[in-house]
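This report concerns only the one structure given below.
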Amino acid sequence: MHVASSQEPVRVALGRSGNTVYTVERVAQAADILLDRWPTKTGRMHIAAQRACLGALEGLKEARFARGSAHQCRDRGRYSG
């Protein structure tokens with residue numbers, strides 16, 4: 001599932017100094033990062049983003065909900081813009 005072409009990819013910076021940067025263009029990429037690469041596996045925003053991505057992959061939610069969760073995490077200092 002791809003992000004619509006009119007939307008910018010979401011950038012994710014992980015690591016102590018944010019030196020590992022991912023450019024996320026698909027919901028599957030976001031789910032992989034949230035489930036397997038995220039440094040801490042807790043927090044309300046993290047869990048909401050995981051659920052939104054998995055729901056979009058299963059066809060239960062629209063990809064825009066996953067994207068919205070990613071932006072909320074970024075706005076709270078968990079993602080790099």
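Because the structure is a prediction, the values reported are computed rather than measured.
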Completion exercise
Here the pair of heavy atoms bringing Q29 nearest to T23 is NE2-O, 3.6 Å
Rounded distance [0.5 Å steps], [atom1] in [X] versus [atom2] in [Y]:
| X | Y | atom1 | atom2 | value |
| --- | --- | --- | --- | --- |
| R26 | C53 | CZ | SG | 12.0 Å |
| W38 | Q50 | CH2 | CD | 10.0 Å |
| L54 | L35 | CG | CG | 5.0 Å |
| R51 | H46 | CZ | NE2 | 11.5 Å |

Practice task
Compare all side-chain heavy atoms of V24 with those of I33 and state whether any distance is below 4.5 angstrom.
Solution key: yes
Handout entry: Donor-acceptor pair, side chain of E58 and main chain of G55, under 3.5 angstrom
Key = no
